[in-house]
Structures are given as structure tokens and as C-alpha cells.
There are 2 protein chains.
Amino acid sequence: MTETNRPAIDGLEIDAPHRDLLDQVLDKWPLQVLDRLCEQPSRFNELRRAIPAVTQKSLTATLRRLERNCVVDRVITSSRPIAVEYRITSLGKTLRGPIDELLQWTAMHMPDVERARAKFDDEA
Amino acid sequence: MTETNRPAIDGLEIDAPHRDLLDQVLDKWPLQVLDRLCEQPSRFNELRRAIPAVTQKSLTATLRRLERNCVVDRVITSSRPIAVEYRITSLGKTLRGPIDELLQWTAMHMPDVERARAKFDDEA
DNA sequence: CGGGATCCCAAGCGATACTG
DNA sequence: CAGTATCGCTTGGGATCCCG
């Protein structure tokens, strides 16, 4: 520890970049934003209303990250008063399949999981 | 099928339980643990060695959560000295498909994303 | 061997206020 | 309208020590 305070990161996890990308795309807010934008382009405040639990700070951060990863497009549609529209990109659309399969998995197996949880919690 | 409409339940998100389940299964450590256990049953310390970056605490917590959700099975194979083996369950195996598709997505589009990121960071 | 119990810090998030 | 800035708290995680 006479070293830096940087945590010792070693080489081979599932692959850091991949993990990182999944985090930025599948997290709580990103997932919901993508879900919404897949259905329709939306303005900032429309997204806030569509996802009531998100704060402006988190939404902004989420959108920036998604834009950075090129799954969402930020389009200024008017300058005064400023209007911004967020749209899913073609790359973003390719996420639909994987995400939907994931959601279908949870939908299909949620009962099993909840039963398992109840049992686990009960035994403990 | 494309009845895109989310029920737009009052104040509810993409569905908290689903989100929650995804979190517990797709997070950094769970993903790597599942990945490993899909290939072979493993003991606790084998997992630590297979995933060098994980701490004992995180690994324990991860395994407990996976066990609680019934995607991983905890099997005591010896009592003295105690030996525990973790195995993927049948439910856990059904996660392979969705997860693999996700990883294939990242693998396929990582170049695009990295280019986009570089461009984004450069412009900023 | 497979953990449980602590301490502790930094990152993240919510809440709030302000701006072009 | 669509953000930026700041602050304070919560908490997840690493590090460490110990036990059956």
C-alpha cells in the first residue's frame, strides 16, 4: 500500500469494457429512457413526466451517457425557447432485441423467483 | 406485439420488481459468477481465484443473492473441513440465452460505441 | 475452507437554487 | 425549456480481523 490509493485492478474480468457498456445501458434509468425512446422521440420534460421517479440530475446524466454511447441522439429543434428532442439511434434500436429478451425472461420467471425468495427468507 | 404502450402505471417505473431482479442478476459480480458457474460448479475459493478482483464480502453477498433468487444452488459436500460447492440451477441456465445475446451485442457494437465515445469526448 | 463482523471512505444521488 | 452548480447524506465496497 505504499502505492497509490488506486484499487488494484487486474486484467481479466468478464471484460471491463463490456461490463461498463452494459452498466451504462441497462441500469435503472437508462433502461427506462431507452424503453420510452424506442416508442417515441421525447423532449426532456416529457421524459421526466414519463419517468416520474427520476430527478433532473440523473436524467441529464443518463441522457449524456446514452448520447455518448451513440444509442440516443440529441436534436435541437428550436432555439428560442430552446427545445431539445431525444431520439433513439439506429444503434440504440439494435438493443431492443436483447433487452426485450431480458424482460421476457424476468416476466416469465418472476413467479419462480418470488417463490424462491419467500422460501429462502422463510428458512433464514 | 408492438403494443408499445407501457401501462404507465401511476408513478411506477418499468416495473420495480423486474428492475430489481435484473440488478441482482446482471450486475458486475453476479454476471461473472453466473458465467463461471454455467461452465462448471465451483467452490467458494475457486470462484475467488476465477474472479480475482472480487472481495470475499462481495462474493458472499453475490452468492447469497443468487441463491435467494434460485439461479444458483449452494451445496455442502463435506462437513469437516467444510466444503461448499456452488452450482447453476435449471432456472439459472435459462439466463444463458438472454445474457449471451447481450454479450454478443456488446461484442458486435463495441467498436461503434468506442468510436462514438471518442468523437463525443473530442467535441466536448 | 467458507465465511461473519467491523470500520471506513469515496462515489452517487436527492434536494435545492440558479441560468441562458 | 433544458439544463448547470453545489451541498449533504446515504451506502456499497474494499480492507482487515476473526471464527467454526
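Below, chains carry the letters A, B, ... as their sequence lines are ordered, and counting in each starts from 1.
If you check the side chains of A/D100 and A/Q104, you find no donor sitting under 3.5 Å from an acceptor. Of the N and O atoms on the side chains of B/Q56 and B/T60, at least one donor lies less than 3.5 Å from an acceptor on the other residue.
At the phosphate of C/dG2, neither OP1 nor OP2 sits under 4.0 Å from any side-chain N or O atom of B/T60. Neither OP1 nor OP2 of D/dG12 sits under 4.0 Å from any side-chain N or O of B/R65. Between A/Y86 and the phosphate of D/dG3, there is a side-chain N or O to OP1/OP2 separation shorter than 4.0 Å.
Between B/K57 atom NZ and C/dT6 atom C1' there is a gap of 8 Å when expressed in whole angstrom units. For B/N45 and C/dG2, the CG to C1' distance is 7 Å, given to the nearest whole Å. Whole-Å rounding puts the B/L59 CG to D/dG13 C1' distance at 13 Å. Spacing between atom CD of A/E67 and atom P of D/dA2 amounts to 14 Å, rounded to whole angstrom units. Residue A/Q56 contributes atom CD, which lies 10 Å from atom C1' of C/dA17 at whole-angstrom precision. For B/E85 and C/dG2, the CD to P distance is 10 Å, given to the nearest whole Å. If you take CZ of B/R49 and P of C/dC1, they are 7 Å apart, rounded to a whole angstrom. Across the protein-nucleic acid pair, A/W29 atom CH2 and C/dC13 atom P stand 10 Å apart, rounded to whole Å.
If A/L63 and B/T55 are placed on DNA chain D by their nearest nucleotide, the residue sitting closer to the 5' end is A/L63. Nucleotides of DNA chain C nearest to A/D27 and A/I82 differ in position, and the one nearer the 5' end is that of A/D27.
Side-chain proximity of B/V84 to the nucleotides D/dG3, C/dT6, C/dG2 is greatest for C/dG2.
Here A/R64 lies in heavy-atom contact (under 4.0 Å) with sugar-phosphate atoms only. Here A/R43 lies in heavy-atom contact (under 4.0 Å) with sugar-phosphate atoms only. Within the nucleic acid shown, A/R80 has no heavy atom closer than 4.0 Å to any nucleic acid atom. B/R48 comes within contact range of no nucleotide atom at all, as no heavy-atom separation falls under 4.0 Å.
Between the side chain of B/S78 and the main chain of B/P81, a donor-acceptor pair closer than 3.5 Å is present. The closest donor-acceptor contact from the side chain of A/T62 to the backbone of A/R65 lies at 3.5 Å or more, if one exists at all.
Residues B/T94 and B/V71 are not in side-chain contact: their nearest non-hydrogen atoms beyond the backbone lie 4.5 Å or more apart.
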